[in-house]
Amino acid sequence: MLIHGDKLRWLLWLRWKLFLRAFTRKGKGQVGQIIGMTIFLIFLLIIAFAFSALIFNTTRFLPAPANIEVLFLVLSSIYVFWIIFPLLEFNMNEGLDLSKLATFPLTRWELMFGLLASTLLDLPTFGLLILLGSVIAGMATSLPMALFTLLAMIVFYFQLIGTSQFVLTALMRVLQSRRFRDLGVLLIVLVSFTGYFAQFLFRGLASSSFLNLLNQQTFSPYLQWLPSGMVCRAIEQANAGNWGSGFLWLLAPLAIGFVALYLWQSVVEKGLVAPDVEKQRKHQHKEVDTVPAGGLLGRLVPGQAYAVLLKDMRYIRRDPQITALLLQAILLPIFAIVVSFLNIGNNPTGLNVWLMIFTPLVIALTLYRFSYNALGFERASLTTLFLFPLRPMQLLWGKNLVAFGIGLIELLIMLPIATFLTRNWDLFVPSLVSGIAAILIIVGCGNASSVFFPQKWKELRRGMQTSTGTTSEAGCLRALMSLGALIAMVVLTAPVALGTALPVLFHAQWILALSVPLGLAYSMIIYVGVTRFAGARLVKRMPEILEAVTK
Amino acid sequence: MTTFPQQDSMIPQSGNPSEYAVYTQDLTQVFGQKVAVNHLNLAVRRGEFFGFLGPNGAGKSTSIKMMVGLLRPTSGTVLVSGVDVWQNPLQARTLMGVLPEHLNLYERLTGREFIAFAGHMYGVPAADVRRRTEELLEILGLNNDADKMVVDYSVGMRKKVALAAAILHRPQVIFLDEPFEGIDPVSSRVIRDILQDLTRRGTTVFFSSHIMEVVERLCTRVGIINQGTLVAEGTLQELRERASGEDKDATLEDIFLNVIGVRNEAHNLSWLE
């Protein structure tokens, strides 16, 4: 017998247990996890029902052939999304990880059915089923049509799971490679910035020209060759009364599903028994300059601080989580400044002055993300760093130089652009100096929050679980403390901002000659004072900092 | 089971504490209700190869963390080469090298970069860092992989890189927590040779391990900790003499099991009969 009911039952039991454990497992952060999961569920349901309502209304009430054309687009989007999303997300669900079942005497069919049934116990699948349900409801103009659409959706689901599992498994080696994982993290961060631009897509979809495209059947001739398109074609044929043709069209995705499942099985089996032959890339022996160079910076900055600076620079380049943080720190002010400029484009030039004043402040404030938890960014490696006889001031200087350098480069790029766009040449130097002063304050305050309120920075994860350091597992108290630190930074930066803004506001720009240097001196006093204070406490607080960051 | 002397008699009271490479007095760590390390008194002489043994959860790693300044003791004192680890942490760290149990290396640095980084942290002159790094990479057999990132290293390679970073500044004392765990015999041999070479040149090695054969072969003295308390300490010969009134050929494993109170009897599964 190919399938033992008893074994299948235990496979389902395994999947059910693992599914439940995601909600009930004991340990640190359990409450937070349950709250997070509940919010995710509510979010998922809202999104799923919103899309379902849209799908139901368009497939039911749009005149043919536009409604079928919508169906083509919907199922094809689900198909592509369902295959691509796990590649970015890629974290193998334990219940779907066949390598763990490889040691047991299970037949191929048992594994396949176990897997198919297991996919039903997955949160994203619930959302998918709601969407497929809306398709059935939308197309159920009669009982036979309802039954046929139900069958079509089962076939669609079957081939969708088969294909996505096959693609996922076939690309396993690539997906598990560090380079791809890094790329996945960066992609998700960049995708998070596309929300603003998505509105243009939705506006386009709601336009009458798009409706014309639907009526002209623009998409289906191409999409029908995808398995999802074949299912749509089957529903279309059945809807037109051509039941035979409808069933024939359904056979194709069914066959594709079986082939995909078979291939998936083969790839899994091959992977399990194949020797782990890693391509041994021969590294040519090369003298890499691991020693701080004797450049100007190397001579100016003390040895330990320079080594920390070099290490952090390498990390910015190589650690996707930190690269993502940098990208966000750069993109946020660009985004804010570009959108502000577009919005004030038709307004009087007076508003443009504010762009000059706030550009350096926005850049400084975005550096907060880089500075407030500088020791936390070391993650588990902080243990290693603290084993060295590292002078605390040098550690802080090394880290500050990185943040300061990023801020300065941003200033030197963004301010000339803002100046050029607004034609406020006289404000360039005051804005630049104010920016430098604000960065000094932010970085100095960051030293204090790094030493007194260090936070655990979540380890690198894939896809949508990517964290760029804004979340903490340390609970509300620490979150409140870091919020307090942010407020303190804003308050301390206020004199610098006012020193530039008030003279402009009261048209007494000659005061800038006095207020801007004073602001710079004030910021230097703040930086030196706060950094010395934090540095003095750093060594004594090492165990507590380690406890917070590495536990 | 042989009765061992109580711990007070193990405290070397003679001599100045600063003469010892590692000296702990009443070192204690309490986590909530649990006493993880209970008034640990140890004195390791300079140039010794000291083995720190104990079953899982006995308090070995906790003790080492307190000795190297990573975990603040509930009470007690730790001196490394006469420097109080908790009063003068930076000075103490210049004197020691540490290979922790869980290697939290900078994974996005290459092996060569990491070793050099450690050298700069210890304040070794740049030219020496370069020369010693290359030499260590050569001896540890990491030359071909020196420009790979640590994230791509195997466990054995990580241990070798961490060891290189720990010894590059010629520390007076090296703390190694389970250095041979999870590494192959070839790497194990290389590490052993380096450690023996270091002790011959006066460096003190303080290391914990579960592998009795290695401890037996390398260590000049051994301390055994159980449930946070030091229950035996001495040279292998001394331990053997104390433990083996009845068996003079007792191995370190026999002594260890005896000291921690595990009876040497066969455990059979009834359903295999």
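Protein chains get the first letters and strands the later ones, always in sequence-line order, with residue 1 at the start of each.
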Against chain B, label L546(A) side chain, backbone, both or neither, depending on which of its atoms sit under 4.5 Å from a heavy atom there. side chain
Let me check something: any side-chain donor-acceptor pairs from residues 62-69 of chain B under 3.5 Å, sequence neighbours excluded? List them with distances.
unit_1, atom_1, unit_2, atom_2, d
S63(B), OG, G59(B), O, 2.6

Hey, can you pull the donor-acceptor pairs under 3.5 Å for the side chains in residues 178-186 of chain B, sequence neighbours left out?
unit_1, atom_1, unit_2, atom_2, d
E178(B), OE1, H210(B), N, 3.4
E178(B), OE2, H210(B), ND1, 3.1
D184(B), OD1, V186(B), N, 2.9
D184(B), OD1, S187(B), N, 2.9
D184(B), OD1, S187(B), OG, 3.4
D184(B), OD2, S187(B), OG, 3.0

Out of the candidates L99(B), N104(B), L70(B), only one should pair with L387(A) under the side-chain contact (heavy atoms from CB on, under 4.5 Å) rule; please name it.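 Exactly one pass, corresponding to L70(B).
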Find the distance between CD1 (I322(A)) and CZ (R108(B)) and round it off to the nearest 0.5 Å.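 It is 9.0 Å, given to the nearest 0.5 Å.
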CG on L390(A) to OH on Y122(B), rounded to 0.5 Å: 10.5 Å
Restricting to pairs with a member in residues 380-397 of chain A, which pass salt bridge (charged side-chain N to carboxylate O under 4.0 Å, His left out), not counting sequence neighbours?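 Not a single pair qualifies under salt bridge (charged side-chain N to carboxylate O under 4.0 Å, His left out).
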Report, by ascending residue number, the residues of residues 84-97 of chain B in heavy-atom contact with chain A at a distance under 4.5 Å; give 'none' if the set is empty.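 Residues of residues 84-97 of chain B touching chain A at under 4.5 Å: W86(B), P89(B), L90(B), R93(B), T94(B).
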Take E544(A) and R72(B), measure what salt bridge (charged side-chain N to carboxylate O under 4.0 Å, His left out) needs, and give me the verdict at the end. CA-CA 9 Å; E544(A) 287 74 21; R72(B) 194 188 300 285; 2.9 Å; yes
Indicate the ring-plane relationship of F388(A) and F114(B), choosing parallel, tilted or perpendicular according to the 30° and 60° boundaries. tilted
Over all atoms of both residues, closest heavy-atom pair of M121(B) and Q304(A):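 What the structure gives for the nearest pair is O-NE2, 2.6 Å.
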Taking all non-hydrogen atoms of both residues into account, name the closest pair between F117(B) and A307(A) and its distance.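 So the minimum-distance heavy-atom pair works out to CE1-O, 3.6 Å.
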Heavy-atom proximity to chain A below 4.5 Å, by part of A118(B): both
For R189(B), does the CZ atom have more than 12 heavy-atom neighbours from other residues, nucleotides or ligands under 6.0 Å away? no
In sequence, state the C-alpha distance, the side-chain angles, and the governing distance for E113(B) and R318(A), and then conclude on salt bridge (charged side-chain N to carboxylate O under 4.0 Å, His left out). CA-CA 13 Å; E113(B) 286 168 350; R318(A) 295 173 186 171; 2.5 Å; yes
